[in-house]
Amino acid sequence: MSFLNTLRERASSLSLFDKTNAPKKPSKDELFREEFKLPEGESILDETAAEMLVVSQADENQKGAARINDNQLTNHSNFVYSGKLYLTKHFLVFRDSFDRKSCVLVLNLSTIKKVERIPSKAYVFALSIVTNCGIKLLIQFIGIRSRSEEFSHKLKVNLRDNIPNTKKLEPFLNSLYSEFIVKKNTPGADKDSIKSPEGGLGLIFKFPGDPKKLRDKSKLRLWYDYFRRYGRNLSISRQKMFYKLLRVGLPNRLRGEIWELTTGAMYLRFQELSVYQKTLDDNAGKKSLAIEEIEKDLNRSLPEYSAYQSEEGIGRLRRVLTAYSWKNPDVGYCQAMNIVAAALLIFQTEEQAFWTLSVLCEKYVPGYYSKTMYGTLLDQKVFESLVEKTMPILWNHISKHDIQLSVVSLPWFLSLFLNSMPLVFAFRIIDIFFLHGPKTLFQVALAVLRINGEELLEIDDDGMFISVLKDYFSQLDDSAHPNSTDPKFRQLTKFQELLIVAFKEFSNVTDEMIAQERNKHKPAILQNIETFIKRSQLRNLPRTPNISQEYLSNIYDRFYKCIQSHKASLGTGSSSMEFQTFQQFMAGFCDWVLSDEEYDSHPDDFLHRLFRNWDKDHKGVLTLTDVVVGLDKLVNRNLMESISNFFEIYDPESKGEVDREGILQLSEGLLYITKPLQDGLVFDYLTRKSIESYIADRIVERQKETNDEEIMLPSEVNIDQEIFQREQGERYLSAASEFIQRAFEYAQPVTQPQLIELEDSKDLDKMKANAALDPNHPLTLNLATFRMVILADETYELLFTETLASSIHLDRSTSISDKGGILRDMFDGLLADGRRVANQVRRRMDSTATSISNNNGHSDSAGVKSKTGAASIAEEEDEDDFGGDATTHDYGDLLEGAEIQALGDVPLSSNVKETDRANELKVLHDNMDEIKRTLDGQESSKNDNLIEFES
């Protein structure tokens, strides 16, 4: 099994099997919602095969009631469609199985007025459903009767649950123009009492284009006939004619509603009525960076349309963009959103535009209007890839002359062609875009290059490339073939030709192809964005004299890794850190940050105070800059500055002094940051020196037993670590006790005593007996006195010079959960290099040799050898000033490369001849490789209480 596990681990490490960055496959419900543009939360409760017939009131009047006859739903001339019927919480959905476009029904359950079972043969189960607009749906279930009855029962339950929604149906329908034109043209209707619903700015400032040339009334008449026959708005059935009418262009008065219907924004608006106005009211008067950016761009929104030169148009646009910035703070506001929102408001009310903009930004083109605009950058790579596949000759020409295609195409995608072609034609593109989705933009963009391909092949300059396409967009109303002898070809405009090429020649550009290309290029795009953002943020950080650039990079990575909601490349999530996240972040770096299970957290403990000290703006969160500046002060090894920084944590108001309670809290803070040292999880410099002395003494004792002239370093020395852990713990507890005693001894009395009233005289007597608690004599401790008290203790002086900074490991990439591992790392560091121990042995032996020399009148240099070689390891000065190796960043990393440094540290007596000196150096050179192999091969025992040191 272990062999199989090894193979599995190795296989999983290969990029071929690495699925961490693989795109997540959408679930069935997600695909279902995307296909039918349903709101979030809608999921399939039940589904069944069925046949459906849509019968209008006109059909019934002409041919009578529908009837069941030999498994046929009706004798009407209408088509009967076979397909799938789905039930969700708020919708009944039907889709034909022929091409999924011949009959598609998305019926809101609130619009159903009547449901009844149709009498039929025993093996046939059918329902008749009547909607609020008078359309009758005849549904015959296919399958066993029990399943049909089960589906019918679930439909009944959901209809009952949707009864409260019917109350808001009528006011919602009154806001739709489709309801108005049907009611107004109903025979016998009181036309004076029927009011036209509110609309877009086009009702006030006119719609773009010539209504007669656009044949607006004829189009409106065709849609009126469609609504009467197949339903409308929340109960419309999409037949083949629906797509044809939309392709030839929508009438201006209906365009806003059809956009709302095809995007699914209509379902959202009905579900969230009054949310738009409530969002504006709840955030009235508030300021934000997004609002400031919106104000800058308001006057640059479709300046060619007169409404946006007036306060009416500017006001509507401001409110829609502001409301969306509050609804989606991750996006807030992005360039080009003002152009799209301005286009929507020409045909839609503010509330309609608000929900359509929401669907557009979050569903149709996610990432286009974000802080990083990653969606736009990604689709530019996809577009270039499609150009290379479909038009290789043109692509080779573009690459050869280094023409930046993205400079040309980026505005097309970002503004949905609104800034590139006349508005009349851009709105036709948007009609199809809202129906078929993002592939429309790619198809139209490819068609533009195809039509102008021959002319573009003669261009070798970016400026001329843009100029050719700009001229083409300005002539879209001209004839595509003015010199043709065929009248039909002469009447064909360039815009019509563009649509034909886009949706005929490039019909092979499908949603699946675009999704595949996006998944292919997405990792590289996101990585480039993240790298750019990281480099920019690190470059803009304040100067940090105590933190290197490498450590800043590590801090950046850990900071945003802890904030799991933050996605830098997507521009989403918060970039600030709350306290719980801050605790997790610091635990990954610091030895002394304990988990919630290990200590009782309270607002005045050290970590909470540190958090508030770094939060200079008192926002309750920390930014990356706050954390970097705070860590830079925390790892400062300058003794006086380090003491001042610690004191500042307990002096938030910068008074330069703390009261009696503050003194006690200072002592608690010192106990907190030295907890691992008290428990012996890590060793400080003084303990390491004791360990080295202990090892040296053991070696000297063993040398005396052998009576050998040359000192041999043993292969291992056993150390009882509990002794040193206990001694260090006692030393730190003693230091804490002496700190409190000295702090109250040298604290200054307050000039005006502040008395504390106590009811119990016994408690008062007890407090008076203790100088530290006597309420009649309040004390303060200033910074200078605090420094004096710290410097009076060797342990705490070392704490602020070296120990505290060394306990913060800014090079850690992952948090260490096993505290015992820190101690083992320290022992491994001692095992890796024995130079310091050898120095102490040498000093002891030299002291003995000097004593013998004084008695015998001569001296011999005693060499120190390991069992594996005859290399002489020389003496070096003891580093008692905490410099050099004593202040290395890692506790265990005492000395690195000792065998190399030993070459320059060979002590020689003054009476040694030059030839002897040369011989000693030669011996060192000859045996250096052997010494290195010996040191590299050292291993330590894993016994918890007994650590083995090998030279």
Side-chain angles (χ1 to χ4, degrees), residues 198-205 208 255-256 259-260 263 265-266 268-269 272-376 411 413-419 423 426-427 430 433-434 570-572:
E198 295 181 4
L201 291 167
L203 295 178
I204 304 174
F205 299 91
R255 176 167 269 136
W259 282 358
E260 191 183 21
T263 59
M266 181 179 290
L268 273 175
R269 184 164 71 91
E272 305 288 350
L273 275 179
S274 74
V275 166
Y276 168 70
Q277 190 60 47
K278 186 175 185 300
T279 302
L280 288 175
D281 295 341
D282 291 346
N283 297 282
K286 293 182 181 179
K287 299 295 182 182
S288 70
L289 180 61
I291 293 177
E292 295 176 7
E293 296 297 322
I294 289 170
E295 291 296 330
K296 295 177 183 177
D297 286 349
L298 286 176
N299 293 319
R300 295 189 291 228
S301 308
L302 300 182
E304 66 271 29
Y305 188 64
S306 58
Y308 298 109
Q309 311 303 320
S310 69
E311 185 53 39
E312 175 69 19
I314 293 293
R316 292 193 188 189
L317 182 59
R318 177 188 290 112
R319 288 189 290 272
V320 169
L321 292 175
T322 301
Y324 184 74
S325 73
W326 292 119
K327 175 185 178 290
N328 190 349
D330 281 342
V331 173
Y333 172 76
C334 178
Q335 281 187 326
M337 280 178 63
N338 60 315
I339 297 171
V340 176
L344 297 176
L345 283 169
I346 295 176
F347 304 98
Q348 296 181 324
T349 63
E350 291 181 36
E351 189 175 15
Q352 286 178 316
F354 170 77
W355 289 111
T356 305
L357 182 65
S358 299
V359 175
L360 173 68
C361 295
E362 297 161 18
K363 301 294 184 183
Y364 274 72
V365 285
Y368 271 41
Y369 311 108
S370 66
K371 295 174 183 177
T372 61
M373 298 176 66
Y374 73 92
T376 313
F413 287 78
L414 199 57
S415 67
L416 310 182
F417 288 96
L418 288 166
N419 269 359
L423 291 180
F427 292 144
I430 295 177
F433 166 72
F434 281 149
L570 305 183
T572 60

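Worth saying up front: this structure is predicted, and the values here are computed from it rather than measured.
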Could you tell me which residues satisfy side chain to side chain contact (heavy atoms under 4.5 Å, CB included) with Ala342, sequence neighbours excluded, listed by chain and number?
Ser301, Leu302, Tyr308, Leu317
Got a sec, which residues hit side chain to side chain contact (heavy atoms under 4.5 Å, CB included) with Ser288, two or more places apart in sequence or on another chain?
Ala290, Ile291, Trp326
Looking only at heavy atoms, which two atoms of [X] and [Y] are closest? And how far apart?
X	Y	value
Ala307	Ser310	O-OG, 2.7 Å
Leu321	Ala341	CD2-CB, 3.8 Å
Gln348	Ala353	OE1-CA, 3.3 Å

So, taking the atom named [atom1] in [X] and the one named [atom2] in [Y], what distance separates them when rounded to the nearest 0.5 Å?
X	Y	atom1	atom2	answer
Leu418	Leu344	CG	CG	8.5 Å
Ser325	Ile294	OG	CD1	4.5 Å
Asn283	Thr322	CG	OG1	9.5 Å
Met337	Ser370	CE	OG	10.5 Å
Phe354	Leu345	CZ	CG	12.5 Å
Tyr276	Trp355	OH	CH2	11.5 Å

Taking only residues two or more places apart in sequence or in another chain, which ones pass salt bridge (charged side-chain N to carboxylate O under 4.0 Å, His left out) with Arg318?
Glu295, Glu311
Applying salt bridge (charged side-chain N to carboxylate O under 4.0 Å, His left out) to Asp282 and not counting sequence neighbours gives Lys278
Pair Tyr324, Val331 - check side chain to side chain contact (heavy atoms under 4.5 Å, CB included), show working.
CA-CA 9 Å; Tyr324 184 74; Val331 173; 4.3 Å; yes
Partners of [X] by side chain to side chain donor-acceptor pair (under 3.5 Å), sequence neighbours excluded?
X	result
Gln352	Glu260, Thr349
Glu198	none
Thr263	none
Tyr333	Asp297, Asn338

Which pairs count as salt bridge (charged side-chain N to carboxylate O under 4.0 Å, His left out) when at least one residue sits in residues 340-358, sequence neighbours excluded?
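Counting only pairs at least two positions apart or across chains, the salt bridge (charged side-chain N to carboxylate O under 4.0 Å, His left out) contacts touching residues 340-358 are Arg319-Glu350.
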Among residues two or more places apart or on two chains, list those pairs meeting salt bridge (charged side-chain N to carboxylate O under 4.0 Å, His left out) that have a residue in residues 358-368.
Glu40-Lys363, Lys327-Glu362
Going by ring pair (Phe, Tyr, Trp, His ring centres under 6.0 Å), name the residues that satisfy it together with Phe434, two or more places apart in sequence or in a different chain.
Trp259, Tyr364
Contacts of Phe417 meeting ring pair (Phe, Tyr, Trp, His ring centres under 6.0 Å) (sequence neighbours excluded), chain-then-number -> Trp412
Answer yes or no: is there an ion pair linking Arg316 with Glu312, defined by an N-O contact shorter than 4.0 Å?
yes
Tell me which one of Asn328, Leu414, Leu357, Thr376 satisfies side-chain contact (heavy atoms from CB on, under 4.5 Å) with Tyr369.
Leu414
Any donor-acceptor pair under 3.5 Å linking the side chain of Gln309 with the backbone of Pro303?
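A pair under 3.5 Å: yes.
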